[in-house]
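If you're wondering where the values come from, they're calculated on a predicted model, not measured in any experiment.
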Amino acid sequence: MKIAIGCDHGGINLKPVLIDYLEKKGVEYVDFGCYDKTSTDYNEYALKVANAVANGECDKGILFCGTGIGMSIVANKVKGIRCGHCHDVFSAKMTRLHNDANVMALGERVVGPGLMLEIVDAFIFTDFSGDERHARRVQKIKDLEEKSFK
Ligand code: RB5
């Protein structure tokens, strides 16, 4: 499994914590920036991570900004991306089980590093349930994308 990761200056402190966790778990990752605390636009990093997941370079993506909101809005504009905005373990698990989310966005000004790792763990290691009703709803999202992006 390969994870695309990205942040803006508002999420820069969570990224090294995530990298340390991924390395300890032996999970591959690609770091799409940013790399310092200079004020920057979340749009750029959300797009890089979302594109890497949409084009198959990475299996899943994790994004950090101050709130996770800007990142999730941008990621969800990319065709093929279902980005969950999750600040609790239950939501992270459910966005995998029910929505087959392939990207997750979190806010560094909302959660601390300990909770973030528990949320990430649920996101990375929970599989899509595959239940017919959830597969049907995910397919409807994909159908809508086909119409919206024409
Ligand atoms: C940056 O101040 C902040 O707006 C950004 O990190 C994010 O929270 C936007 O949604």
Side-chain angles (χ1 to χ4, degrees), residues 1-131 134-135 137-139 141-142 145 149:
M1 186 194 329
K2 196 188 279 186
I3 308 285
I5 62 177
C7 68
D8 71 355
H9 57 289
I12 189 95
N13 295 309
L14 285 181
K15 202 173 62 170
V17 180
L18 174 64
I19 288 174
D20 184 56
Y21 163 87
L22 294 174
E23 288 179 351
K24 282 187 179 137
K25 290 271 181 185
V27 177
E28 272 188 273
Y29 65 90
V30 183
D31 181 358
F32 287 94
C34 67
Y35 305 108
D36 63 48
K37 293 185 180 177
T38 311
S39 181
T40 186
D41 300 338
Y42 54 80
N43 314 66
E44 184 185 331
Y45 310 97
L47 208 50
K48 284 180 180 172
V49 165
N51 282 335
V53 175
N55 70 25
E57 179 188 346
C58 293
D59 303 296
K60 286 178 185 163
I62 298 174
L63 291 162
F64 301 127
C65 62
T67 59
I69 297 170
M71 289 291 195
S72 65
I73 291 172
V74 175
N76 277 315
K77 299 283 182 205
V78 174
K79 191 176 179 184
I81 296 304
R82 291 175 301 283
C83 176
H85 180 217
C86 301
H87 289 127
D88 64 273
V89 176
F90 177 77
S91 299
K93 195 172 172 184
M94 296 311 280
T95 204
R96 290 290 309 129
L97 283 171
H98 286 195
N99 314 122
D100 198 15
N102 47 14
V103 176
M104 187 174 65
L106 298 92
E108 180 178 304
R109 297 171 192 160
V110 184
V111 290
L115 179 55
M116 177 277 286
L117 288 181
E118 291 195 20
I119 293 167
V120 161
D121 198 86
F123 176 69
I124 291 179
F125 295 111
T126 303
D127 291 329
F128 178 50
S129 72
D131 290 347
H134 298 307
R137 291 161 192 163
V138 170
Q139 186 56 50
I141 296 172
K142 292 177 181 173
E145 269 180 341
F149 286 92

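- Listed by chain and residue number, Phe32, Val49, Ala52, Val53, Cys58 satisfy the side-chain contact (heavy atoms from CB on, under 4.5 Å) test with Ala4 (two or more places apart in sequence, or in another chain).
- Each salt bridge (Lys or Arg N to Asp or Glu O under 4.0 Å) pair with one or both residues in residues 44-57, not counting sequence neighbours, appears once here: Glu44-Lys48.
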Which donor-acceptor pairs under 3.5 Å do side chains of residues 63-73 form with protein atoms, sequence neighbours excluded?
residue	atom	partner	partner atom	Å
Thr67	OG1	Ile69	N	3.0
Ser72	OG	Gly68	O	3.2
Ser72	OG	Ile69	O	2.9

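- Pairs engaging residues 85-116 under the ring pair (Phe, Tyr, Trp, His ring centres under 6.0 Å) rule: His85-His87, His98-His134 [sequence neighbours left out].
- Among all heavy-atom pairs drawn from Ile119 and Ala92, the shortest one is O-CB, 3.5 Å.
- Every residue meeting the side-chain contact (heavy atoms from CB on, under 4.5 Å) condition with Val27, not counting sequence neighbours, appears here in chain and number order: Ile3, Leu22, Lys25, Phe125.
- With sequence neighbours excluded, the residues forming a salt bridge (Lys or Arg N to Asp or Glu O under 4.0 Å) with Asp100 are Arg82, Arg96, listed by chain and number.
- For residues 5-14, no pair satisfies salt bridge (Lys or Arg N to Asp or Glu O under 4.0 Å), with sequence neighbours left out.
- Rounding to the nearest 0.5 angstrom, the gap separating the NZ atom in Lys142 from the NZ atom in Lys79 is 11.5 Å.
- Sorted by first and then second residue, the side chain to side chain donor-acceptor pair (under 3.5 Å) pairs with a member in residues 103-119 read Asn13-Glu108; sequence neighbours excluded.
- Annotation: side chain of Val103 is not in contact with side chain of Lys60 (no heavy-atom distance under 4.5 Å).
- With sequence neighbours excluded, no residue forms a ring pair (Phe, Tyr, Trp, His ring centres under 6.0 Å) with His9.
- With a 6.0 Å cutoff to the six-membered ring centre and a 45° limit on the axis angle, Lys2 does not count as a cation-pi contact of Tyr29.
- Asp20 places no side-chain N or O within 3.5 Å of a backbone atom of Pro16 that could act as its donor or acceptor partner.
- Taking the salt bridge (Lys or Arg N to Asp or Glu O under 4.0 Å) definition, one finds that Lys77 meets it with nothing, sequence neighbours left out.
- The salt bridge (Lys or Arg N to Asp or Glu O under 4.0 Å) test applied to Asp59 returns no partner, not counting sequence neighbours.
- Annotation: side chain of Val120 is in contact with side chain of Ile124 (closest heavy-atom distance under 4.5 Å).
- Using a 4.5 Å heavy-atom cutoff, the side chains of Asn99 and Arg137 are not in contact.
- The two residues Cys34 and Asp36 come nearest to each other via the heavy atoms SG-O, 3.5 Å.
- Take Pro113 and apply the side-chain contact (heavy atoms from CB on, under 4.5 Å) test, not counting sequence neighbours, and it matches Leu14, Val17.
- The shortest side-chain heavy-atom distance between Phe123 and Ile62 falls under the 4.5 Å cut-off.
- Counting all heavy atoms, side chain and backbone alike, Asn102 lies closest to Gly80 at ND2-O, 2.8 Å.
- No donor-acceptor distance shorter than 3.5 angstrom exists from the side chain of Asp121 to the backbone of Leu117, with no hydrogens or angles considered.
- Residue Met104 holds its CE atom at 9.0 Å from OG1 of Thr95, rounded to the nearest 0.5 Å.
- The backbone N or O of Gly33 sits less than 3.5 Å from a side-chain atom of Tyr35, completing a donor-acceptor pair.
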Test Ile5 against Val30 for side-chain contact (heavy atoms from CB on, under 4.5 Å), laying out the working first.
CA-CA 6 Å; Ile5 62 177; Val30 183; over 6 Å; no
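- In terms of modelled atom types and a separation under 3.5 Å, the side chain of Tyr45 and the main chain of Asp41 share no donor-acceptor contact.
- Rounding to the nearest 0.5 angstrom, the gap separating the CG atom in Leu106 from the SG atom in Cys7 is 12.0 Å.
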